[in-house]
2 protein chains.
Amino acid sequence: MSRVLNGNTNISERTRDKVMEIVKQYNYVPNTLAKGLASSRTYTVGFCYDYTEKQAVSNPFFQMVLQGVEDVVYRRNFLFLMMSMQRDQLDASSFAKVVTERRVDGVLVPTQLFTEAVHSLLLREGMPFVVVGEPMFAQPGIHWVDIDNVQAAMALTRRLIDRGLGQIGIVYDEADKTKDKFVLDRIEGYRRAMGEAGLQAKEATLERLRGMSGNGCGGASQALIFSTESLLLDWLDEADEHPPADSIHLATFDRSPYHRHIKYGVESIEIELETMGIEAADMLFALIEKTELAQPYIKIPAK
Amino acid sequence: MSRVLNGNTNISERTRDKVMEIVKQYNYVPNTLAKGLASSRTYTVGFCYDYTEKQAVSNPFFQMVLQGVEDVVYRRNFLFLMMSMQRDQLDASSFAKVVTERRVDGVLVPTQLFTEAVHSLLLREGMPFVVVGEPMFAQPGIHWVDIDNVQAAMALTRRLIDRGLGQIGIVYDEADKTKDKFVLDRIEGYRRAMGEAGLQAKEATLERLRGMSGNGCGGASQALIFSTESLLLDWLDEADEHPPADSIHLATFDRSPYHRHIKYGVESIEIELETMGIEAADMLFALIEKTELAQPYIKIPAK
DNA sequence: CTGTTAGCGCGTTCAG
DNA sequence: CTGAACGCGCTAACAG
C-alpha cells in the first residue's frame with residue numbers, strides 16, 4: 001500500500017487502482033509522524049529567528065524572506081517550523097531543541113544568528129543548513145545566499161549621480177560595521193560607483209556628520225546614503241532639531257511607504273528579499289537531498 | 001524509563017537517579033516523533049498566516065503577535081509551525097494539510113482568515129483553535145482574543161480632544177468595514193468619546209473627504225483619525241497633490257518611527273500586540289488540555 | 001513501585 | 001509483482 005502512494009514503479013495498474021479506490025472510500029490521510037518515524041525524516045524545515053529583535057520597526061525583511069521560503073517549502077510538501085533563538089543563549093533556545101531532537105530535516109539561519117557555536121552544533125548534529133545572508137565568518141562548507149549588496153549600493157549611488165548630484169556621502173554606524181557584513185558591502189559598492197564617476201567618496205558616522213554641522217546636517221553633501229534604515233531615522237531626528245542649511249537628498253536600501261511623505265526626498269532601491277527566501281530554501285532542499293550544488297553560495301543582484 | 005522522563009510520581013528516588021545517570025551517560029535525547037506517534041500528540045501548535053498579504057507595509061502585527069505566541073509556546077516546551085493559507089483557497093493550503101494530517105495539537109487563526117469553511121474544517125477534525133482578533137461571524141463555541149478596539153479608539157479620540165481639538169473626524173474604508181470587525185469597533189469608540197465630550201462625530205470615506213475639498217483635504221476638520229494605517233498613507237498621497245488649507249492633526253492606531261517625520265503631526269496609540277499573542281496561546285493551551293475556560297474570549301485594553 | 005509487552009502507522013525487507 | 005512480517009522509538013496497559 002505504501003508502494004502506490006509513494007510512486008513506486010513496480011506496481012500493476014490494477015492494484016494501484018484498487019488501492020486508490022479504498023483510499024478515497026475511507027478518505028485515508030497518511031500519518032506524517034509515522035511516516036517520519038519509519039523513514040527517519042520529518043518533512044519539515046526550520047526557520048530560525050531572532051528573539052531579541054523586538055523592534056517593530058518596519059521590518060519587511062522577516063516577512064518577505066519567509067514568503068519566499070514558504071513558497072518552495074509548500075511546493076515540496078514540507079512544512080516549516082519557527083525556532084526562536086536569543087543571541088548568546090543557544091542552549092536555552094528552541095532552536096537547539098529542534099536541532100538536537102532532530103525535529104526538522106534542515107534549517108535556515110539568518111546570518112546575525114549564525115555564530116560559531118551555532119555552526120558547531122549544526123555540524124555535530126549533522127543537520128543540513130543554509131545561512132540567510134553572508135556569514136560573518138568564513139569557513140569551508142558553509143552554504144549561504146545573500147543579496148548582492150555591493151551591486152545594490154552601486155546601483156543606488158549611480159542613480160543619485162545620474163540625478164546630477166556630485167556631493168554624495170554615505171553614513172554608517174561603527175558597531176554595525178563589525179556586526180553586519182552587508183554594511184561593509186554597501187560602503188564598498190558606494191565607493192566603487194563614486195570612483196567610476198570620478199567623484200570623491202565621503203564616509204561618515206552620524207557623530208562625524210554632527211561635527212561638520214557648520215554646513216548643516218549633511219556636511220556639505222547634496223545627498224546622503226544611509227547604510228541602514230535606523231540610521232536614516234536617527235538622522236531625521238537630528239534634522240528636526242538642526243535642519244540642514246541646503247536642500248539635501250536621502251537614500252536607503254529599504255523601502256517604506258512613508259518615504260515619499262518625508263520632508264526630504266528619500267530614494268531607495270528594491271531589494272529582492274523574497275527571491276532570497278526562495279533561493280535559500282532551494283539550496284537547503286538540495287543539501288537535504290544531497291544533491292551536488294553548483295556553488296556554495298548565491299548572490300542575488302538588485303534590480 | 002518513560003516514567004521518569006515524564007514526571008510520573010510513582011517512582012522511587014533510587015530508580016529515578018539510576019535512569020537519569022544512564023540518560024546523561026549516553027546523552028540520550030528523546031525522539032519527539034515517536035513520542036507523538038505513541039501518545040498521539042505532536043507537541044506543536046500551528047500559526048496560520050495570510051499568504052496573499054504580501055504587503056511589506058509596516059506590519060508589526062504579525063511579528064509582535066508571533067513574539068507573544070512563541071513566548072508561551074516555548075515555555076510549554078512546544079514548537080510552532082507556520083501554515084500559510086490563501087484566502088478562499090483552503091484545500092490547497094498548508095493549513096488544511098496540517099490540520100487533516102493532525103500535525104499539530106491546536107492552531108491559532110487570524111480573524112481575517114477565519115472563514116466558515118475554516119471553522120467547519122476545524123470542527124470536523126476536532127482540532128482545538130483560537131481566533132486572533134474578534135471573528136467576523138458569531139458562533140457559539142468559538143474562542144478568541146482581541147485588542148479592545150472600542151476602548152483604544154476612545155482613548156485616542158480623547159487624547160485629541162484634550163489637546164483642545166474640537167473638530168475631529170474619522171476616516172474609514174467601506175470595504176474594510178464589512179471585512180474587518182475592528183474598523184467598526186474603532187468607529188464605535190470614536191463615536192462614544194465624541195458623544196461624551198458633547199462633540200459631533202463626523203465619519204467619512206476618503207472619497208467623501210475629497211468631495212469636501214473646498215475646505216481642504218480635511219473637510220473642515222482640525223484632526224482626522226484613520227481607522228487603518230493604509231488609509232493614512234492614501235490620504236498623505238492626496239495631500240501631496242492638494243494640501244489641506246488649514247493645519248491639521250492626524251491620528252492612527254499603528255505606530256511607525258516615521259510618524260514624527262511626517263509634515264503633519266501623527267498621533268498614535270500603543271496597541272499591545274504581544275499581549276494578544278500571549279493570551280491567545282494561553283487560551284489555546286487551555287483548550288488543548290481541556291481546561292475549563294473562565295471566558296470564551298478576551299479583550300485586551302490599550303494603555 | 002517496577003519489568004515486560006503490545007501497539008501507534010508507516011517504510012522496508014523477505015518470501016512467495 | 002504482491003502479501004506478510006519486522007522495526008522505527010516511544011507510551012500505556014498489564015502483570016508481577
Side-chain angles (χ1 to χ4, degrees), chain A residues 1-46 76-79 81 96-106 125-128 288-290, chain B residues 1-46 76-79 81 94 96-106 125-128 285 288-290:
Chain A
M1 201 259 283
S2 123
R3 285 186 269 248
V4 12
L5 265 57
N6 294 9
N8 200 311
T9 43
N10 287 14
I11 282 259
S12 75
E13 199 67 25
R14 208 168 54 79
T15 319
R16 182 189 307 277
D17 290 348
K18 197 159 61 182
V19 172
M20 285 316 237
E21 188 165 339
I22 298 183
V23 165
K24 283 274 177 289
Q25 187 119 27
Y26 290 76
N27 74 19
Y28 160 86
V29 177
N31 179 321
T32 316
L33 253 65
K35 188 173 173 177
L37 184 55
S39 57
S40 73
R41 310 220 290 129
T42 61
Y43 306 95
T44 308
V45 297
R76 300 252 183 177
N77 251 291
F78 269 57
L79 256 25
L81 259 168
K97 184 178 161 169
V98 168
V99 172
T100 55
E101 285 182 6
R102 315 203 62 75
R103 288 186 64 170
V104 293
D105 295 333
E125 299 290 340
M127 176 69 69
I288 291 175
E289 291 155 4
K290 302 186 197 316
Chain B
M1 200 260 283
S2 126
R3 283 189 271 247
V4 12
L5 264 58
N6 295 9
N8 200 311
T9 42
N10 286 14
I11 281 258
S12 74
E13 200 66 25
R14 209 169 53 80
T15 319
R16 183 189 307 277
D17 289 349
K18 196 159 62 183
V19 172
M20 285 315 235
E21 186 167 341
I22 298 183
V23 164
K24 282 276 177 289
Q25 186 120 29
Y26 289 77
N27 75 17
Y28 161 84
V29 177
N31 179 322
T32 316
L33 253 66
K35 186 173 173 176
L37 183 56
S39 58
S40 73
R41 309 220 290 132
T42 61
Y43 307 92
T44 309
V45 298
R76 300 251 183 180
N77 249 292
F78 269 57
L79 255 25
L81 212 58
S94 66
K97 185 178 161 169
V98 168
V99 172
T100 56
E101 285 182 6
R102 316 202 60 73
R103 287 187 63 170
V104 292
D105 295 334
E125 299 289 341
M127 177 69 70
F285 278 113
I288 290 176
E289 291 156 5
K290 301 185 196 320

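Chain letters run A, B, ... following the sequence lines, proteins first, then strands; residues in each count from 1.
Which of D:dC10, C:dC10, D:dT11 sits closest to the side chain of A:Pro30 comes down to C:dC10. Comparing atom distances between the B:Ser39 side chain and each of D:dC10, D:dA12, C:dG9 picks out D:dA12 as nearest. Here the side chain of B:Ala38 is nearest to one of C:dG11, D:dG9, C:dG9, namely D:dG9.
Of the possible donor and acceptor atoms, one in the side chain of A:Lys97 sits under 3.5 Å from a partner among the backbone N and O of B:Asn77.
Per the geometry, CZ belonging to B:Arg103 stands 16 Å off P belonging to C:dG9, to the nearest Å. Look at CG on B:Leu37: it is 13 Å from C1' on C:dG11, rounded to the nearest Å. A straight line from NZ of A:Lys35 to P of D:dG9 spans 18 Å, rounded to a whole angstrom. In this structure, B:Glu101 atom CD and C:dC8 atom C1' are separated by 16 Å, rounded to whole Å. Remark: P of C:dC8 and CG of A:Leu33 are 15 Å apart, rounded to the nearest angstrom. Per the geometry, CG belonging to B:Asn31 stands 18 Å off P belonging to C:dC8, to the nearest Å.
At least one side-chain heavy atom of B:Leu81 sits under 4.5 Å from a side-chain heavy atom of A:Thr44. Residues B:Thr42 and B:Arg102 form no side-chain contact, since every pair of their non-hydrogen atoms from C-beta on lies 4.5 Å or further apart. Between A:Tyr43 and B:Arg103, the closest side-chain pair of non-hydrogen atoms falls below 4.5 Å.
Within the 4.0 Å cut-off from OP1 or OP2 of C:dC10, at least one side-chain nitrogen or oxygen of A:Tyr28 is found.
B:Asn31 is linked by a side-chain contact (heavy atoms from CB on, under 4.5 Å) to A:Leu37, B:Leu33, B:Ala34, counting only residues two or more places apart in sequence or in another chain.
Relative to the axis of its first five pairs, the axis of the last five pairs of the helix from C:dC1-D:dG16 to C:dG16-D:dC1 sits at 50°, rounded to 10 degrees.
Using a 4.0 Å cut-off between charged side-chain N and carboxylate O, B:Glu289 and B:Arg76 make a salt bridge.
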